[in-house]
Amino acid sequence: MILEEIEKLKKEIWESFEKIESLSQLEKFRIKYLGKKGEITSYLKLLKDFPLEEKKRLGKELNELKSQLEKKLKSKEREILFKEEDKDLGLDLTLPGRFPSVGTLHPISQIIDELCEIFSRLGFEVVTGPEIETEYYNFTALNIPDWHPARDMQATFYLKNGALLRTHTSPMQIRAMLERTPPLRIVAPGKVYRCDADVRHSPMFHQIEGLMVDEDVSFTDLKGILTYFAKEIFGEKTKVRFRPSYFPFTEPSVEMDIECVICHGKGCRVCGEAGWVEILGAGMVHPEVFKAVNYDTNIWQGFAFGLGIERIAMIRYGVEDIRMFFENHLMFLQSFK
Ligand code: DAH
C-alpha cells in the first residue's frame, strides 16, 4: 500500500521537476517535497511506526530519492542562473567566440621572402637600395648611354634635378659591386616604376635582381642556378628553356621561359596559347659594366638576372589582372593566408 504511494509520489516528483523554469518555482518545489513539512520528509517521519524490515527498505528508498533530488535541484538551479545571466548580458553564451582577425603578409611580400630564402640558400646576400635613382646608375653605368633606344622602352618619371624613379633593379648591380670587392653574390628585391598600365602592367611593380661575380663563373652556373630556382618556386617537374635575347648590360643575353604551369605546354589563356611563359631576363655581365665599377675583366666574370615578382605571383596563383595586387580588397588579400 505505502509502496504504491511512494511510487506514485516519485512519478509526480519527476514530472513536476521537469516543469521547473524559474528560481521561485524551484523554491516552491523544494518546500513541497523536501521542506520540514514536505512530502518526502513526512513519509520519512511516518516510517518510525513501521516494522523494522520495512522501515529499512522504505527508508533506503526514500533517502535515495531525497539525495538524488537534492543533487538534481542544485544543477537545475545553476542552469537557471546561467540562463538568467545570459538574458542580463543580452548574449547567447553558447555562440562560438569571436576570433581576433590576424593579418597576413601581402602575397608580393610572401613571394619576395620565398625568393630571398631560396637564393640565400645558394649563398646570395640580400641587399636593398634606393627607388629614386640617378640616370647614371639606372642607365649609363649599365651600358645604356643616353642615345640608346633601350631608354625608350623604360620610360619613367624624372625629377627636375635629374633623378628618376628606377625602372628596374639592375642599378643595384652597380651599387653592390662598388660597395664590395669580388667575389660576390647578391639578390636585390624592390619596387620599380615605368610609364605602363594595363592588366599585365602596373606603373609600380616589383623586381628582384641577382648578380654573381667570381673568377670562374660560366653560363653553366647561370643555367644551373636559374633552373634550380624555377623548380623550387614552381615545383620539381617544372621545365625551363632559355632563348637568346638582348640586354645592353649582358652578353650573351637570354630570357628564361617555364612551361606553363596551368596547361603544361598545351596552350591556354594564361600563356597566350604559347605553352611557355617568360619569367626572367639574364646573361653574362657585359665587360662595359665591369669597366664602370673598375673590376678587372681578366680576372672576374659574372652572370646577372632580373625577374618580375608580380609575374611569378600571377602564374603561381592564377591571378589574371596585376591590379588586384594593389587594390587591397580584403577578400583577395585574405585568400593568401
Ligand atoms: N633589367 C631588365 C628589365 O627590367 C631585366 C634583366 C635582364 C636584368 C637581364 C638582368 C639581366 O640582370 O641580366 O627588363
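We count ligands from 1, going down the list as the structure has it; atoms in each ligand are counted the same way. These numbers were taken from a predicted model, which means no experiment stands behind them.
- Geometrically, Arg175 engages Tyr137 in a cation-pi contact, judged by NZ or CZ lying under 6.0 Å from the ring centre and within 45° of the ring axis.
- In this structure the side chain of Glu125 never reaches within 4.5 angstrom of the side chain of Leu184, judged on heavy atoms.
- At most 12 non-hydrogen atoms from other residues, nucleotides or ligands lie less than 6.0 angstrom from NZ of Lys223.
- Between Phe229 and Phe305, a ring centre-to-centre spacing not shorter than 6.0 Å is recorded.
- At a heavy-atom cutoff of 4.0 Å, ligand 1 is surrounded by Gln154, His168, Ser170, Gln173, Arg194, Gln207, Glu209, Phe247, Phe249, Thr250, Gly281, Ala282, Gly283, Ala304, Phe305, Gly306.
- Cation-pi geometry between Lys76 and Phe17 is met: under 6.0 angstrom from the ring centre, within 45 degrees of the axis.
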Steps toward side chain to side chain contact (heavy atoms under 4.5 Å, CB included) verdict (Lys66, Tyr33): CA-CA 9 Å; Lys66 193 177 155 187; Tyr33 298 107; over 6 Å; no

